[in-house]
**Student:** 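Can you keep this structure in mind? I'll have questions shortly.
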Amino acid sequence: MPARSTRAVRSTASRTTAPVRATARRRLAAALALTAATATLIAGCTSGGGGAIDKTAPAHLKGTVSLWHFFTDREAKVVQTAIDGFEKANPDVTVTIHAGQDDEKLQKAISSGQSIDVGLSYTTAIVGSFCSSGAFRDLGPYVKRDKVDLGDIPQAERDYTEYKGTRCTLPVLADVSALMYNKAQFAAAGIAAPPKTLDELKADALKLTTYNADGSIKTLGFNPLIDFYENSPEHWSPMIDGQWLAKDGSSLIGQSEGWKKLLTWQKDFVDEIGYDKLRAFTSGLGQEFSADNAFQTGQVAMQIDGEYRSAFIADQAPDLDYGTAPTPVLDGIGHYGASYVAGNVAGIAKGSKNPELAWALLKYLATDTDTQVALANGLKNTPTLTSALTSPKLEVDENYRTFVDAAANEHTLTSPATTDGAAYLKTFQDAWNDYQEHGGDLTKILKKVDADIDAANQLAGP
Amino acid sequence: MTVSVGMTRRRPSRLLTWIAEHTLLVTIGVLTIAPIVFVISTSLMSSRQALTATLVPNPVDFSSYIRVFTELPLGQWFGNAALYAVLATVFMLVSSVPAAYALAQIRFRGANLIFTAIIVAMLLPPQVTAVPVYVMWSQLHLTGTLWPLILPNLLGDAFSIFLLRQFFLTIPKEYGDAARLDSTGEWGVLTRVVVPMARPGIASAAIFLFFHSWNDYYGPLLYTSENPAAWPVSYGLATFRGQHGTDWSMTMAMTVVIMIPVVVIFFFAQKAFVEGIALTGVKG
Amino acid sequence: MSTATLAAGATATATPSASRRQRTSPDARRRRVALVMLAPALLGLAIFFVYPLIASIFYSFTRYNQLQDPEFVGLLNYRYLFTQDPQIAAAVTNTLWFVVILVPVRIVFALLVAGLLARARAASGFWRTLFYLPALVPPVASVVAFVFLFNPGTGPVNQILRAVGIPGPLWFNDPNWSKPSLVILGVWVMGDMMIIFLAALLEVPRDLYEAASLDGASGIQQVRHITLPTISPVIGFSVVTGVIAALQYFTEAAVASGVASGKATVGGGTGSGLGYPGTSLLTYTQLLYTRGFTSFQFGYASAMAVVLFVITAVLLVLTMRRISIFRAEES
């Protein structure tokens, strides 16, 4: 775009200018007044949507319903298989799938009112804004009418799928994080068991780190950079039972001793190896979701990752000898065995042309035990129904067991929804990124994080 | 190539000057062309070789081109880009040629105010008006398509009007006056006198808009990012790179493919093009 | 604001036509025809320029996400913009960096190359086409190509540097080098500007040089006293349009961030790779885009738009009268 106005042109000698003409100004004023009136008019007519629903669910489903989701390639095929089951059960229904939808794009399509029926997003961040703005319809009336038992959905998942009492989404599988470790490297370094505390994690990590002749890192025991792959404040929150926001939405991060201790621990760890060395090493690693993932190539011996990694390893690095364990915790603060859970949420878009069909599809994806088991077996995400988590049909091996148990752990955490989405997480992450590189007065930095989050919440509104 | 003859300035070192100048020309020329050479040579490597420290394809491998055409919806991307660029250009001509003519060849009260408004509209960053315009298109349910980028051209394109006006100004008003004496109306003067005389100018305005639309990234990002079926090739390239990680060979093949139509058009219309850039400002 | 700009621009409205106003009916008829010819463009100006400008000002005082009615929040958006937004400092600094560095560097290079072409009598044909060629490359393609060329590990640039014993920087992956890398790209694609300068240089009357030469003026003196003054309006034009373009610097930075970060969400252009590396390529318009079309904070995005408009408008008011090509008076 910018290049555009730079094209052309050459000019001639300057000339004198005539005075401003009153008529021109008057005419302009009239034009402005007219357009201002139009502005108010147009701005005023955007409300609507929602409304009452039918008293009973339709007896026979017929028509076309669209599903937008973000999965690609192998994962998209798993979803397709599940959808095939829905179409088989409802022969007069066609599901149009828009796969590979980047979340940002999904949000844009829904926010601008395009005719999407069911949208499946991988971030719970949209729940706050979509429930309060009506971008996703209120599912309450449907749930009530069809007497859907929400008690089958674990508490944490129930929490992050509604906002201030409005349930506009249902969970469709979740991601739980845990520690993955390379057994061969552990054996070679003489480490018997995965670390349970942060002190052990650091000691093991340093033991597992090897260097090249020029001093650069060859392999890393554990990458402490907070912006590496799945490292993030959220995924690290179980280490210190981390809390985010108070009930009124104001930030608790700066007041928490746990976060402060965790950041201090991380910064010490980074400094012990050297930030520049870590950065140089990290920038040479493969992409997270490619076959070159550093854990899969053996360049990193331990990492915090989601349960889906197992499926990638089975697909891309089947020979890798690895184990899983709960996220290590800071002694006396975190609850060992607990994890951070967040997951896919699905809702019915405001612009849906056929909400009854959309609701039927959503119900099938979110509340049908067999569907959830089939999806979980294919995607290796954790089911979001207790009945599916305990189903004998769920294929649970030793490594996956860690995640299933963590999902059911009573101390497992999530991060609350806000109308500003996950902006507060990003604010925190940005501050942390800066701190791990430049250091500084941690109390002050975290206070600034609180202030920034509170100001952003005010901007985004209730 | 031009050989310097009859240099009027310094005589003692005419040859030395010539050598110095041309050494500089060649150096800059090499630096200018090198990126393109590297892009092409990488596109002819295998994906594996593109990740190694070699600069020359060995052996020459066309598989990246084959993969670009088989694995990507290139036809659709090119089709969308062509639809966008062609329709935008045609619509612009229909609306902007008469407007530019009126501003350049007809004397009437208010012309200058209108011209000034057009200049300001041309120079204003598009982001300034993005939100209300986006809201407008989304109320018309046209987001997710290229129409919000095409249709406005029916209502004139500020830059094109400006450019065309500069061309039309170079045509002496006397030609029009002569026709007017034969009781030809303004529309007649426009179609029978000015348009035939300003053909190169109109061509260059058309090419500018065509290229601008073909290359556009911001517009498709804003309006079509959520709908891959509507992506033009320029936007597709940016996305494609994200999905294909470190496959530089394929990325470079894609880069070459997207450049080809532009370069071909350029070589066919080089004269109109360069004149368009250089001479639009020559007014009476 | 728009009143000020338009009014300032309207200074050029010619007096002669006013005195002629009600003299003859052909005048009125001509005016009618002209307005008919201009009708689509006038409608376009109203719909895509005047109305959105006013609507932006209106939205900037509201909280608005398109799904609910705008809610009046007073100066909240502006207060956040000027005092609280943690990203705004980086966005403004980076944008100004491009204004202050990218614009002059491009102009100087374009002038030097144009001067060389004019001197070497190579103003048309092969050399001109060659130097213009990069400007033809679609911006997205040129950015992708440059990120590859300057790729720290396997890119040709660092390979060549390594071959001559220089350890190359991380270029697009290093916050300190990412902006300079884009300047190199900006210089590479300076063809448009070069052709404008070249045309201007060729218009400088030859006899001026000859006279100066006879008076014993050196080459440098000739450039200073003849060339630069003659083409200064063209340079002025380039500075103004260049600064305005730099204020809205978007595509190159967004694509470079996306491609260099290798994030899978690049297509969005402004997703998780926003400003990568670090916040070094986060520009004002990218932040505006993200706020508006990723977070759907239309009110806040509008406030950012209004501020951008004010800055551009002031710039235009200050410079438009000096750039004669923008003036409307009849010849």
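Since the model is a prediction, treat every value here as computed from it, not as a measurement. Throughout, protein chains are lettered first and strands after them, A, B, ... in sequence-line order, and every chain is numbered starting at 1. The basis for the numbers below is simple: all heavy atoms, side chains too, and nothing from hydrogens, waters or symmetry mates.
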**Student:** Without swapping roles, check the side chain of Y51(C) against the backbone of V133(B) for a donor-acceptor pair under 3.5 Å.
**Tutor:** no

**Student:** Looking at L149(C), L45(C), V307(C), L136(C), which has the largest count of heavy-atom pairs under 4.5 Å with chain B?
**Tutor:** L136(C)

**Student:** Return the minimal non-hydrogen interatomic distance between P132(B) and P52(C), and the atom names on each side.
**Tutor:** CG-O, 3.3 Å

**Student:** For L288(C), is it the side chain, the backbone, both or neither that has a heavy atom under 4.5 Å from a heavy atom of chain B?
**Tutor:** side chain

**Student:** Where do M37(C) and A102(B) come nearest, in terms of heavy atoms and distance?
**Tutor:** CB-CB, 4.0 Å

**Student:** Can you find a heavy atom in the side chain of V131(B) that is under 4.5 Å from one in the side chain of F293(C)?
**Tutor:** yes

**Student:** Heavy-atom distance under 4.5 Å between the side chains of T251(B) and V259(C), does that happen here?
**Tutor:** no

**Student:** Over all heavy atoms of both residues, which pair between W188(C) and T32(B) is shortest? Give the atoms and the distance, please.
**Tutor:** NE1-O, 2.8 Å

**Student:** If you define the side chain from C-beta out and look only at heavy atoms, does anything of L221(B) sit under 4.5 Å from Y289(C)?
**Tutor:** yes

**Student:** Does any heavy atom of chain C fall under 4.5 Å from the side chain of L154(B), the backbone, both, or neither of them?
**Tutor:** backbone

**Student:** Please state whether the side chain, the backbone, both or neither of I28(B) comes within less than 4.5 Å of a heavy atom of chain C.
**Tutor:** both

**Student:** Using non-hydrogen atoms and a 4.5 Å limit, figure out which bit of V37(B) sits close to chain C: side chain, backbone, both or neither.
**Tutor:** neither

**Student:** Which atoms of F146(C) come close to chain B, meaning under 4.5 Å heavy atom to heavy atom: side chain ones, backbone ones, both, or neither?
**Tutor:** side chain

**Student:** Under the ring-ring contact (aromatic ring centres under 6.0 Å, His included) rule, collect the residues that match up with F266(B), sequence neighbours excluded.
**Tutor:** F273(B), Y132(C)

**Student:** For L43(C) and L155(B), work out which heavy atoms get closest and say how close.
**Tutor:** CD2-CD2, 4.0 Å

**Student:** Just by distance, do the side chain of R31(C) and the backbone of R109(B) share a donor-acceptor pair under 3.5 Å?
**Tutor:** yes

**Student:** Under 4.5 Å, counting heavy-atom pairs only, tell me which of L35(C), L133(C), L130(C), V140(C) racks up the most with chain B.
**Tutor:** V140(C)

**Student:** Is it true that a side-chain atom of S56(C) and a backbone atom of V128(B) form a donor plus acceptor pair closer than 3.5 Å?
**Tutor:** yes

**Student:** Tell me, side chain or backbone of I119(B) under 4.5 Å from chain C's heavy atoms, or both, or neither?
**Tutor:** side chain

**Student:** Measure across I161(B) and A41(C) and return the closest heavy-atom pair with its distance rounded to 0.1 Å.
**Tutor:** CD1-CB, 3.7 Å

**Student:** Checking side chain to side chain contact (heavy atoms under 4.5 Å, CB included) between L123(B) and each of T312(C), T241(C), L315(C), which is the one that passes?
**Tutor:** T241(C)

**Student:** Which heavy-atom pair separates Q248(C) from P125(B) by the least distance, and what is that distance?
**Tutor:** NE2-CA, 3.4 Å

**Student:** Go through the atoms of T42(B) and report whether side chain, backbone, both or neither lie under 4.5 Å from a heavy atom of chain C.
**Tutor:** side chain

